[in-house]
Amino acid sequence: VKVKIPFGNKYLDAIFSVPEKKPTYGVILTHGAGGDMNFPHLVSLAAYLASHGVLCLRFTCKGLNVAYRTKAFKTVVEYLKLSDDYKLSGVFLAGRSMGSRAAASVVRQLSQNDDDDGFIQGLVCLSYPLHRPKLQSKLRDEDLLLIRHPVLFVSGSADEMCEKQLLEGVVSKIKAPKKIHWIDKANHGMAVKGRTTDDVMEEINVQVFSWLRENVQLEHK
């Protein structure tokens with residue numbers, strides 16, 4: 001279902017992937033610095049989640065400024081929260097690369113506010129860009145360290161923007177429940193020599209869904 005979400009004097013293009021049965025939970029998903037919501041990994045994940053009963057709303061925001069993308073992400077969260085068509089108990093925020101930075105920023109801001117009403121359930125970071133290539137001294141970890149919601153990282157062990165030891169070091173300081181799933185030998189774009197894209201995407205999709213399920217069950221035992 002295609003929708004246009006009002007954002008200032010513009011609109012954000014978005015697509016709902018809707019499960020057959022009425023969903024209780026949703027995922028809001030966005031892309032990296034290049035591309036848009038039709039990036040194959042996002043389309044694949046959205047379809048997988050919807051086929052397993054989780055609503056997925058993915059959106060395009062072209063801005064290359066993280067603050068701007070964060071603002072757009074917040075607008076989409078509010079839109080889904082107030083939606084009459086889909087009454088959800090909670091939502092997970094997810095993004096790829098720069099989109100995961102924006103998602104992390106939103107989760108941090110909303111969890112620091114006193115009006116955190118439990119709508120945000122957690123955060124999924126696909127290829128989180130912890131540092132610029134070859135610039136490991138400047139880590140983009142300020143939002144991550146303040147997050148109070150469960151967080152899943154799915155990263156390639158050969159990601160040139162997220163050195164394995166550095167991410168493990170940052171994650172060890174996160175106080176909330178957290179998990180890293182390493183895609184062996186994958187680069188920032190999740191390409192692995194000798195493996196098909198579909199094969200890698202299947203691994204990512206299964207990991208994300210099983211983590212979502214664990215975290216929803218934990219809260220509702």
K.L.:
Hey, would you say the H52 and F209 ring centroids sit under 6.0 Å apart?
P.N.:
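Centroid separation for H52 and F209: below 6.0 Å.
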K.L.:
For the OH atom of Y11 and the OG1 atom of T75, what is their distance to the nearest 0.5 Å?
P.N.:
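Those atoms lie 13.0 Å apart.
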K.L.:
How about M190 and V154: do any of their side-chain heavy atoms sit closer than 4.5 Å?
P.N.:
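M190 reaches V154 side chain to side chain.
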K.L.:
List the atom of L12, the atom of V76, and the distance in Å for their closest heavy-atom pair.
P.N.:
CD1-CG2, 3.7 Å
K.L.:
Is a donor on one side and an acceptor on the other found under 3.5 Å between the side chain of K164 and the backbone of G156?
P.N.:
no
K.L.:
Hey, are the side chains of R96 and H31 touching, using non-hydrogen atoms and a 4.5 Å cut-off?
P.N.:
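R96 does not reach H31 side chain to side chain.
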K.L.:
Considering residues, nucleotides and ligands other than K87, do more than 12 of their heavy atoms fall under 6.0 Å from its NZ?
P.N.:
yes
K.L.:
For a quick test of reading the model, state the closest non-hydrogen atom pair linking A104 to I147 and the distance between them.
P.N.:
O-CD1, 3.9 Å
K.L.:
Counting only N and O atoms by type, is there a donor-acceptor contact under 3.5 Å from the side chain of K71 to the main-chain atoms of A67?
P.N.:
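It does not hold such a pair.
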K.L.:
If I take atom CG from residue L80 and atom CG from residue L55, how far apart are they, to the nearest 0.5 angstrom?
P.N.:
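Atom-to-atom, L80:CG and L55:CG are 6.5 Å apart.
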K.L.:
Say you draw a straight line from CG of L152 to CG of N215; how long is it, rounded to the nearest 0.5 Å?
P.N.:
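Output value for this atom pair is 8.5 Å.
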K.L.:
Please determine whether residues I15 and L49 belong to a single hydrophobic cluster, defined as Ile, Leu, Val, Met, Phe, Trp and Tyr linked transitively by side-chain heavy-atom distances below 4.5 Å.
P.N.:
no
K.L.:
Ring centroids only, cut at 6.0 angstrom: are Y68 and F7 within range, meaning strictly under it?
P.N.:
yes
K.L.:
Side-chain contact test, heavy atoms from C-beta onward, threshold under 4.5 Å: evaluate it for L126 versus H41 and give yes or no.
P.N.:
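Answer no - side chains too far apart.
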K.L.:
On a heavy-atom basis, which atom in R69 and which in G32 lie closest, and how many Å separate them?
P.N.:
NH1-O, 3.1 Å
K.L.:
Quick check: do I180 and L167 have side-chain heavy atoms less than 4.5 Å from each other?
P.N.:
yes
K.L.:
Could you tell me whether E203 and R195 have a side-chain N and a carboxylate O separated by less than 4.0 Å?
P.N.:
yes
K.L.:
Find the distance between CG (D141) and NE2 (H131) and round it off to the nearest 0.5 Å.
P.N.:
11.0 Å
K.L.:
Does the side chain of L57 reach to within under 4.5 Å of the side chain of V27, using non-hydrogen atoms?
P.N.:
no
K.L.:
Under 3.5 Å, is there a donor on one side chain and an acceptor on the other for D159 and H188?
P.N.:
yes
K.L.:
For C56, run the side-chain contact (heavy atoms from CB on, under 4.5 Å) check against L45, L29, I28 and tell me which one passes.
P.N.:
L29
K.L.:
May I ask whether L166 and M161 are part of the same hydrophobic cluster, defined by side-chain heavy atoms of I, L, V, M, F, W, Y residues being less than 4.5 angstrom apart, directly or through others?
P.N.:
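No, L166 and M161 fall in different hydrophobic clusters.
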K.L.:
Taking the basic N atoms (NZ, or NE/NH1/NH2) and the acidic carboxylate oxygens, is any pair closer than 4.0 Å for K74 and E78?
P.N.:
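A salt bridge is absent here (no side-chain N lies under 4.0 Å from a carboxylate O).
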K.L.:
Taking only Lys NZ, Arg NE, NH1 and NH2, and the carboxylate oxygens of Asp or Glu, determine whether R140 and D143 approach each other closer than 4.0 Å.
P.N.:
no
K.L.:
Tell me whether the centres of the aromatic rings in F92 and W211 are closer together than 6.0 Å.
P.N.:
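F92 vs W211: aromatic centres under 6.0 Å.
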K.L.:
Do the side chain of S157 and the main chain of K185 share a donor and acceptor less than 3.5 angstrom apart?
P.N.:
yes
K.L.:
Heavy-atom count around E142 CD within 6.0 Å, excluding the residue itself: above 12?
P.N.:
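Correct, the count exceeds 12.
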K.L.:
Between S17 and A46, which heavy-atom pair has the shortest distance, and what is it?
P.N.:
OG-CB, 3.5 Å
K.L.:
With a cut-off of 6.0 Å (strictly less than), are more than 12 heavy atoms of other residues, nucleotides or ligands near NZ of K179?
P.N.:
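Enclosed.
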K.L.:
For the residue pair E214 / S210, report whether a side-chain donor-acceptor contact shorter than 3.5 Å exists.
P.N.:
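No pair is found: no donor N or O on one side chain lies under 3.5 Å from an acceptor on the other.
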K.L.:
Should the pair K4-D13 be classified as a salt bridge under the 4.0 Å nitrogen-to-oxygen rule?
P.N.:
yes
K.L.:
Taking the side chain as everything from C-beta on, heavy atoms only, tell me whether H181 gets closer than 4.5 Å to F153.
P.N.:
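Side chain of H181 against side chain of F153, heavy atoms only: no contact under 4.5 Å found.
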K.L.:
Please tell me whether F73 and L146 are part of a single hydrophobic cluster in this structure, the criterion being side-chain heavy atoms less than 4.5 Å apart.
P.N.:
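Hydrophobic grouping puts F73 apart from L146.
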